[in-house]
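Nothing fancy with the numbering, it's 1 onward along the sequence. Just so we're clear, the structure is a prediction, and the values are computed from it rather than from any experiment.
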Amino acid sequence: MLATLTSKGQVTLPKEIRDRLGLDAGSTLDFELMADDTITVRAIKPNALRLRGLLKSPHAAPLSVEDMDAGIAAQLRGKHAKAKR
């Protein structure tokens, strides 16, 4: 199936794909760029676990800038390791 990229960088998913995946306005999609320049897309199904961490715990201690930098670096290492597979 073909789709066209607009001047705003938007793509309309063909109806057959939207229907099969149960997608509608506001659905979340996860795009992953592979090492061979192909793109994979998967629909993210909403669930309660995705809400975890959105609210601050009253017992949580504030993080230092160094802790935040370390966390970001770890996340990026994991993300880029997936792309190289």
Other residues, nucleotides and ligands only: do more than 12 of their heavy atoms fall within 6.0 Å of CD1 on I39? no
T40 side, atom OG1; L29 side, atom CG - distance, nearest 0.5 Å: 11.5 Å
To the nearest 0.5 Å, atom OG1 of T28 lies from atom CG of L23 at 9.5 Å
Side-chain contact, heavy-atom cut-off 4.5 Å: L21 with L13? no
Do you know which two heavy atoms are closest between P14 and L2, and how far apart they sit? CG-O, 4.1 Å
NZ of K15 to CE of M1: how many Å apart, nearest 0.5 Å? 12.5 Å
What are the two closest heavy atoms between L63 and M68, and how far apart are they? O-CE, 3.7 Å
